[in-house]
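For the numbers below, each heavy atom of this structure counts, side chains included, while hydrogens, waters and symmetry mates do not.
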Amino acid sequence: MKEISFPFSILRICLFLLSAAPGLVLAQQPVKLAFPYGPLGLNSVPWIVAKEIRIFEKNGLDLDMVYVGASAVIVQSMLSGSSNVAGFGGPAVITNVLRGGDIIQVAAMAPYFTQSLFVRPDIRDLRSLDGKKIGITRFGSVTDFALRSIIERHNIKGVNVLQMGGFPEAVAGLSRGAIDGAVFSPPHNFRMLKEGFRELVSQKDLRAFGSGFLTQGIVARRSFAATHREIIVRLIKSTVEGTKYAVTNEDSTKRIIGKYLGISDGDLLRQSYLYVVDTFVREPFVPESVIQAMVQRMVEVNMIDVKSAQATLTTAYYDNSYVAELKQTGFLDNICPMPRWIRAVFCITVVLLTLVAASARAQDKIRVGLSSISATSGSIWVAEEKGLFKKHGIDAEVIIIGGGAARVVSSLIAGEIQFSVGGGDAVIRAALRGADGVLVASPMKTGLQRLMVRPEIKTPADLKGKTIAVTRFGSASHWVLQLFLRKWGMRPDDIKMLQLGSSPAMFASLEKGAVDGGAFTIPTFFLAEERGYRILADPVDMEIYYLQNSIDSTRGYIKRNRDQSLRVIKALCEGLAYFRKNKKESMEIMQKKLRIQSAQERDVKYLELSYNLLADKFYNRVPYATPKAVETTLEFIAGEEPKAKGADPKQFLDESLVREVEASGFIKKLYDTEYR
C-alpha cells in the first residue's frame with residue numbers, strides 16, 4: 001500500500017503516535033539539513049506546512065529552515081558550505097552557473113510570475129506610469145523582472161525604478177507617498193488592495209504576458225545532489241506532500257499561514273489560501289522554456305555575458321531527474337493531479353515563452369545605477385531624458401539604487417548593473433579586496449558638500465564636543481566631514497556624528513536644535529545659508545579633492561564591450577555639454593526627477609542656484625577621474641584598508657575611454673571652443 005493513499009487525518013494520528021512513543025520510532029535518525037529559503041511569504045507555504053505537520057520528519061528529514069531573503073545571499077551561503085540545499089528561484093542560479101558554480105535547480109514549484117503591480121488610486125492606467133516612481137525589492141529580483149516585463153510589454157517610458165530593500169519598505173513607501181507604486185508578492189498585495197490601492201497589473205495578467213520566470217523552487221549543489229540522490233528525492237517528495245496538504249485542508253492551512261506570517265484578518269487568510277490553491281504545480285519539473293526565457297532576459301539587461309550564455313547549455317542550470325524518479329514511482333500521479341484548466345494554461349504559457357525566446361534579439365541595453373537622488377546627477381538625467389544614450393545606440397535605464405555608494409558598487413560587482421554612480425571610495429575599497437571594479441569617469445571636479453554650522457561656531461576648534469549630522473555613515477557627507485576634520489588636524493571622536501538619512505532631515509534637526517551643524521549638499525545648503533547658518537568648510541576653497549560622483553564599471557565588462565562602453569561615455573559627455581548649454585530644459589528635467597524630495601528641492605529658486613553651481617563651477621567638460629582624488633581616498637582609508645597604503649592611484653582608473661573620446665575631437669565639437 002502506498003503511503004500517500006492514507007488520508008491526512010490518519011497521517012497526523014500516525015505522526016502523533018510516533019512522537020508520543022519514542023520506542024516505536026525507527027532506529028535510523030532523520031537526516032539533518034540546513035535549508036535557507038526566501039521569501040517569507042505565501043510562496044514558501046509548502047515548506048512551512050511540511051515543517052509544521054512533520055511531513056519532513058515522516059520522510060526521514062530534519063530540516064533546519066532559516067529565512068534568509070535575497071536569493072543572491074542564499075547562494076553565497078551555499079557556496080560557503082553553510083548549506084547544500086535551499087528554497088528559492090530566479091536568476092541567481094543562472095548567474096552562479098555562468099561563474100563556475102555548481103548550484104542547480106532541481107524542482108520548480110511556481111514557474112511563472114506571482115506578483116502584482118499596485119499604484120496610487122489616482123493612477124488609472126499603465127500610460128500614467130510615465131515619470132512615476134515604482135518600487136521593487138532589489139535589482140535582479142523577481143519583482144524587478146516582473147516590472148520590466150510590464151514596462152516592455154506596454155512600451156512604457158520614463159518609469160523611475162527604486163530599490164526598496166523589502167516588501168515592508170515598499171508598503172511603507174507607497175503608503176506615505178514616497179513612491180507612486182510597487183510590485184508586491186502575496187500576501188502583501190492582498191493588504192494593499194484592502195487599503196484602497198489600485199491593482200494595475202495582476203499576477204494573472206503577468207502570466208498571460210508569456211514572460212517566463214521561475215519564482216519559487218528547490219535548488220541544490222550539484223556535487224551534493226549527485227552523492228545524496230535519495231535525500232533530494234525525499235526533499236522534493238515532502239514539498240509536494242506539503243502542497244497537497246495545503247490545498248486540501250483549508251482551515252489548517254489558514255491557521256499555519258496566520259501563525260507564520262502574522263495574519264489574523266479572515267479575508268486576508270481566505271485570499272491567501274486561494275492563492276496557494278491556484279499557484280503551486282503538482283509536478284515540479286523545471287520547464288526548459290522558462291529557463292531559456294530567463295537567460296534571454298538576463299542577456300538583454302546585461303546581467304550576464306551574452307557569449308557565456310550562448311556557450312552554456314540550458315541543461316547546465318537544472319536537473320529534472322530527481323522529479324522524474326519520483327514520478328516513475330507513481331507518487332506524483334496519486335498526490336493530486338493538476339486540474340485540466342491549469343494544465344491547459346501552463347501548456348499555452350510554455351508555447352508563448354518559446355516564441356518569445358525565439359523572437360527576442362540582443363540589444364545594447366545597459367543599466368546605470370545611482371547611489372542617491374541628487375541634483376548632482378543632472379547631466380546623467382539629461383542624457384537619459386533627451387535621448388542622448390539612444391543617439392549613440394545605447395538603450396540605457398537609469399535607476400536609483402540608494403543606500404550609498406557601497407550598495408550601488410555591490411550591484412555593479414554582482415553584474416546587476418553595468419555602470420554605477422556614487423562616491424568613488426566604494427569602488428576603490430572593493431578593488432582593494434580583489435573585486436573587478438574600476439573608475440572610468442567623473443563628471444565633477446570635486447565634492448559638492450558644505451559644512452554648515454550655527455552662527456556662534458566660528459572656527460574649527462569650536463566644533464569640539466558638538467553634534468554634527470551626516471546622511472548616513474559611509475556616505476559622501478560622512479566622507480567629506482572626516483576630510484574636513486583631517487585637514488584641520490582633528491579626529492572624528494572630537495565631535496559627535498549623527499546619521500539622519502538626508503540633507504532635508506539634517507536641516508530640520510538643525511532648526512530644532514538637535515544638532516549643531518551638518519555636511520549638507522545642494523540645494524539644502526542654500527536654504528541653510530539663507531537662514532543665517534555659517535559655512536565653516538567648503539572642499540573647493542580648502543582644495544580637497546575627492547570623488548563625489550564617479551562613474552564606475554568593471555574591467556571585465558569594458559574589455560568585453562569596449563565599443564558599447566565608448567558610446568556610453570560619449571552620451572555622458574554630451575549630457576554634460578547639453579546641461580551646461582541649455583539651462584531651461586536641464587532645470588525642467590531636474591525638477592521632474594527631484595519631485596518627491598523636500599520643498600526646497602522643488603523650489604525653482606534653489607533649483608536654479610544648484611544648476612548654476614554645477615554648470616559653472618563643478619561639472620567637468622572632459623570627465624576624467626583624477627588621480628589626485630584617488631590619492632586622497634587611498635590616504636584616508638589606509639587605516640582601514642592596509643593594501644591602500646602605498647598603492648598606485650592609477651591602478652584604480654581606466655582613463656582610456658575618456659581619453660579615446662577626447663582624442664577623437666568629439667568633446668571639442670560639443671562646445672565649439674577650446675575647453676581646457
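- Of all non-hydrogen atoms in Val183 and Ile136, the two that sit nearest each other are CG2-CG2, 4.5 Å.
- Rounding to the nearest 0.5 Å gives a distance of 14.0 Å between CE of Met452 and CG of Asp516.
- The pair Lys645-Glu635 fails the salt-bridge criterion, with no side-chain N (NZ, NE, NH1 or NH2) lying under 4.0 Å from an Asp/Glu carboxylate O.
- Counting all heavy atoms, side chain and backbone alike, Pro443 lies closest to Ile551 at CG-CD1, 3.7 Å.
- Residues meeting the ring-ring contact (aromatic ring centres under 6.0 Å, His included) test with Tyr611, sequence neighbours left out: Phe579.
- Using a 4.0 Å cut-off between a side-chain N of Lys or Arg and a carboxylate O of Asp or Glu, Asp462 and Lys466 do not qualify as a salt bridge.
- Between Ile304 and Val295 the shortest side-chain heavy-atom distance falls below 4.5 Å.
- Across all their heavy atoms, Ser442 and Ala625 have their closest contact at CB-CA, 3.7 Å.
- In summary, Lys133 and Asp180 do not engage in a salt bridge, as defined by a charged side-chain N under 4.0 Å from a carboxylate O.
- Using a cutoff of 4.0 Å between basic side-chain nitrogens and carboxylate oxygens, Arg138 and Asp144 are not scored as salt-bridged.
- Residue Met506 holds its CE atom at 4.5 Å from CZ of Phe520, rounded to the nearest 0.5 Å.
- Counting only N and O atoms by type, the side chains of Asp552 and Ser420 include a donor and acceptor under 3.5 Å apart.
- Looking at residues two or more places apart in sequence or on another chain, you find no ring-ring contact (aromatic ring centres under 6.0 Å, His included) involving Phe525.
- Expressed to the nearest 0.5 Å, how far CG of Leu572 lies from NE2 of His392 amounts to 9.5 Å.
- Residues Leu576 and Pro623 have side chains in contact (heavy-atom distance under 4.5 Å, counting atoms from C-beta outward).
- Lys593 and Asn160 share a donor-acceptor pair across their side chains, judged by distance under 3.5 Å alone.
- In this structure, NZ on Lys157 lies 10.0 Å from CG on Asp130, to the nearest 0.5 angstrom.
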**Residues Arg429, Val409; criterion side chain to side chain contact (heavy atoms under 4.5 Å, CB included); working and verdict** = CA-CA 10 Å; Arg429 289 176 189 269; Val409 169; over 6 Å; no
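- Partners of Asp538 according to the side chain to side chain donor-acceptor pair (under 3.5 Å) rule, which considers only residues two or more places apart in sequence or in another chain, are Arg450.
- Side chains of Thr95 and Met298 form a contact here, defined as non-hydrogen atoms less than 4.5 Å apart.
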**Request:** Would you check, one step at a time, whether the test salt bridge (charged side-chain N to carboxylate O under 4.0 Å, His left out) holds for Lys605 with Glu530?
**Result:** CA-CA 12 Å; Lys605 175 179 66 175; Glu530 197 173 77; 3.1 Å; yes
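- Of the N and O atoms on the side chains of Lys386 and Asn582, not one donor lies less than 3.5 Å from an acceptor on the other residue.
- The residues Lys390 and Glu384 are annotated as not salt-bridged, no charged nitrogen and carboxylate oxygen being separated by less than 4.0 angstrom.
- In this structure, the side chains of Gln499 and His478 stay at 4.5 Å or more apart for every pair of heavy atoms.
- Here the straight-line distance linking atom CG of Asn620 with atom CD1 of Ile667 works out to 10.0 Å at 0.5 Å rounding.
- Both tests hold for Lys570 against Phe666: distance to the six-membered ring centre under 6.0 Å, angle to the ring axis within 45°.
- Looking at Arg148 and Glu397, a side-chain N of the basic residue comes within less than 4.0 Å of a carboxylate O on the acidic one, giving a salt bridge.
- Residues Arg367 and Ile417 approach most closely at O-CB, 3.7 Å, considering heavy atoms.
- Using modelled atom types, no side-chain atom of Asp494 and backbone atom of Lys464 make a donor-acceptor pair closer than 3.5 Å.
- With respect to Asp305 and Lys307, no salt bridge is recorded, no charged nitrogen being found less than 4.0 Å from a carboxylate O.
- Of the residues Lys581, Arg580, Lys391, the one that meets the salt bridge (Lys or Arg N to Asp or Glu O under 4.0 Å) test with Glu574 is Lys391.
- Under the 6.0 Å distance and 45° angle rule, Arg621 counts as a cation-pi partner of Tyr671.
- With no hydrogens or angles considered, no side-chain donor-acceptor pair links Tyr578 and Glu385 at under 3.5 Å.
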**Request:** Take Lys583 and Asn612 through the side-chain hydrogen bond (donor to acceptor under 3.5 Å, both in side chains) test and state the conclusion after the steps.
**Result:** CA-CA 9 Å; Lys583 181 175 182 176; Asn612 292 340; 3.2 Å; yes
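- You'll find the side chain of Ile366 stays beyond 4.5 Å of the side chain of Asp395, heavy atoms only.
- We find the CD1-CD distance between Ile179 and Glu169 to be 10.5 Å, quoted to the nearest 0.5 Å.
- Between Met497 and Leu481, the closest side-chain pair of non-hydrogen atoms falls below 4.5 Å.
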**Message:** Pair Arg562, Ser656 - check side-chain hydrogen bond (donor to acceptor under 3.5 Å, both in side chains), show working.
**Reply:** CA-CA 10 Å; Arg562 179 146 189 105; Ser656 66; 3.2 Å; yes
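- Looking at every heavy atom in both residues, Gly173 comes nearest to Met164 through CA-CE, 4.4 Å.
- Here the shortest heavy-atom pairing between Leu536 and Trp488 reads O-CZ2, 3.8 Å.
- By the 4.0 Å N-to-carboxylate-O rule, Glu152 lies close enough to Arg297 to be salt-bridged with it.
- In this structure, the side chains of Thr467 and Ile495 stay at 4.5 Å or more apart for every pair of heavy atoms.
- Between Leu412 and Thr554, the closest side-chain pair of non-hydrogen atoms falls below 4.5 Å.
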